[in-house]
Structures are given as C-alpha cells and as structure tokens.
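Report on the following structure.
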2 protein chains.
Amino acid sequence: MPRAATSSDVFNAVAEPCRRALLDCLAKGEHPVGTLVETTRLAQPSVSKHLRVLKEVGLVATRRDGRQRFYRLNAEAIRPMHDWVTTFERYFDHQLDRVKDRAESRQREQGQRPPSGRTARDTSNPKSGRTR
Amino acid sequence: MPRAATSSDVFNAVAEPCRRALLDCLAKGEHPVGTLVETTRLAQPSVSKHLRVLKEVGLVATRRDGRQRFYRLNAEAIRPMHDWVTTFERYFDHQLDRVKDRAESRQREQGQRPPSGRTARDTSNPKSGRTR
DNA sequence: ACTATATATTCTGATATGGGAATATATCAA
DNA sequence: TTGATATATTCCCATATCAGAATATATAGT
C-alpha cells in the first residue's frame, strides 16, 4: 500500500512543489484559475488538476463568478501540518526567541524599524550567520 | 516529471506517515533501529528503508555502536518546511496569540503549567503527529 | 572459523503520480 | 444558434513509491 492518497492527506497534497506554489499565490488573495496559470506558468489543465487536489483536502475553496472560478486559501486545513511541524521547534537553534519575535512583531502589526542605532541586539550575530 | 524525489525533498520525505512516526520517536531521543521497529511495529526492512530516506534528506543522523546503529533527529532539516508552514499562521483563527503563547511558555523552559485559570486554548492538538 | 544478532540492500509487483494532449462543460456575447 | 472564453476532465504513459520476501553485510561471542 503506497502512501496515503495525495488527495486525502494534507502532507501529501503539499509535498508537490506546484501545489505549494499555488497556495503561495492564494495566500495573497483570491484568484481565478487564469491568473494562477499565468503566475505559475503551468499548463492550465495542470493547474486545474492541482487545484482539485487542494480542494479535496480542503486547502482551498471556490466561488464562481461568470465563467471564472475563483479559488481562495483555506488556511485552517494546514493546521495539522503546522501543529506537527512546530512540535520540532524546540529542537531548532535559538528558534525559541525567533518564534516569539515573529509572533510579537506581527502582533505589533508591522512595526516601524528602529532607528539606525541598531546595535547588536540579535539581528543575527555576525558570528552565527545561521539566521536563515 | 513527477514530484521531487522523496529522497531529496523534505516535504516529500515527511509526507509518508511512517516516516513521521519515526521522526516522532526520534524526537524523544536517539534510538537504535530495533527500538524503532518495536515502537512503530513496522517490518525491519521497512524501517531501514524509511530511515534511509530520512537520512538522505538530512532529517536524521546516525552513530554506530557495535552492531547497533543509533539514529537521532536532526531538526534543522525541518526548517524549510517549518518556515513555509508558518507563513500561513497569519491566516489561522486567533493563531497569533497562540503562537506567541507557545513560544513564551516554552521559553519558560517547561514551566509549571499555569494555574487552572487556563481556559480552552492549548487543547490544541492531542492528535498532532500520528496521522498514521 | 562458526553462529547469532542487528541492520541494510536488492528484487518484485501492485499502485499512484504528474505531465501532455485532446476533449468536455459551462457561460457569456452577438 | 453560433462562437469565444474559462475551466474541468479524460486518456495515456513514463516514472516513482511502497510493502514484502529474500538476501547481504557487519559485528560480537564462542
């Protein structure tokens, strides 16, 4: 028995790069298929097929308008994967601080970057580099 | 061209439930293959093969001791996936607070769970891994 | 050297996958 | 209706994937 069907498991659905690309596009907002075809530069049938998979696992939802079909992200469906992945955060280097920072800065709703005075702090110590 | 080889892409390597199970085991510490076979109840060759994939994508590392081979998690390799997934956090319901909480509580380094006051919230994922 | 243990590799077969091409469906416009 | 546009579906094929069985390799103990 091969791995869980790509069309029933979020991990699998997302394992395909094209589908991640599609989700990335949709993260920016709702889009009709045509737009997605353009931005991803994939063949239209390909896009439709990938979107179908994404829809089957609940990662996207659709709305119809005339002959266009708008797709939008349903982020909730990513949560199982998110939960699993974050389980490992504790093993990342210095990840704790960064996770917190990320959350906070986002909560600050796009804060203004502090003046030039920016000494060390933690903007990646020149040494570590590791920030990626 | 099918999706990126399972043995070269973290997303793919992790798309397989058995491999997630193995990673879950290894998150608890280093283990020889035998132990993993027991806990996962998978056939030994299967385990070896899955471990190989995990090793190829850098998710695990090994150490040899006598005839045993110990595997350990290399969480850093999950980071690409982690980064991608967390990109979507902003679209989760009320996720912002929870992300921050998670980070903070962890920073408290396994603190004592706060008093009963703790409503709902972290009930998050009794199910997390184990999609298997 | 011989045997047992721990793990890895190879082979096979059933099944899934994704791309491309062709075609189908739905909707709008004239 | 007819035609054009937007999207979905079907078919075929090359390839990848996984499980299972058999076998290989390495190491330890005697």
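Order of the sequence lines sets the chain letters (A, B, ...), proteins ahead of strands, with each chain counted from 1. Just so it is clear, the values below take in all heavy atoms, side chains as well, and ignore hydrogens, waters and symmetry mates.
Exactly one residue among B/Val53, B/Leu22, B/Leu23 makes a side chain to side chain contact (heavy atoms under 4.5 Å, CB included) with B/Val60. That residue is B/Leu23.
OP1 or OP2 of D/dT7 has not a single side-chain nitrogen or oxygen of A/Ser48 nearer than 4.0 Å. Contact check, A/Arg67 against D/dA8: no side-chain N or O comes under 4.0 Å of OP1 or OP2. Residue A/His50 places at least one side-chain N or O under 4.0 Å from the OP1 or OP2 atom of C/dG19. Here A/Arg52 does not reach the OP1 or OP2 of D/dA8: none of its side-chain N or O atoms lies under 4.0 Å away. Side-chain nitrogen and oxygen atoms of A/Arg69 include at least one within less than 4.0 Å of the OP1 or OP2 phosphate oxygen of D/dA8. Phosphate proximity of C/dA26 to A/Arg64: absent, as no side-chain N or O sits under 4.0 Å from OP1 or OP2. Taking 4.0 angstrom as the limit, A/Tyr71 places none of its side-chain polar atoms (N or O) nearer than this to OP1 or OP2 of D/dA6.
Out of D/dA6, D/dA28, C/dT9, the shortest distance to the side chain of A/Gln68 is found at D/dA6. When the nucleotides D/dA22, C/dG19, C/dG18 are ranked by their closest atom to the side chain of B/Pro45, D/dA22 comes out on top. You'll find that the side chain of A/Gln44 is closest to D/dT7, out of D/dT7, C/dT7, C/dG20.
In plain terms, the two heavy atoms of A/Glu76 and B/Tyr91 that are nearest each other are OE2-O, 4.5 Å.
Mapped onto DNA chain C by nearest heavy atom, A/Gly66 and A/Ser46 fall at different nucleotides, with A/Ser46 at the one closer to the 5' end.
When rounded to the nearest whole Å, the span between CZ of B/Phe70 and P of D/dT27 equals 15 Å.
Under a 3.5 Å cut-off, the side chain of B/Asn74 and the backbone N or O of B/Ala61 do not form any donor-acceptor pair.
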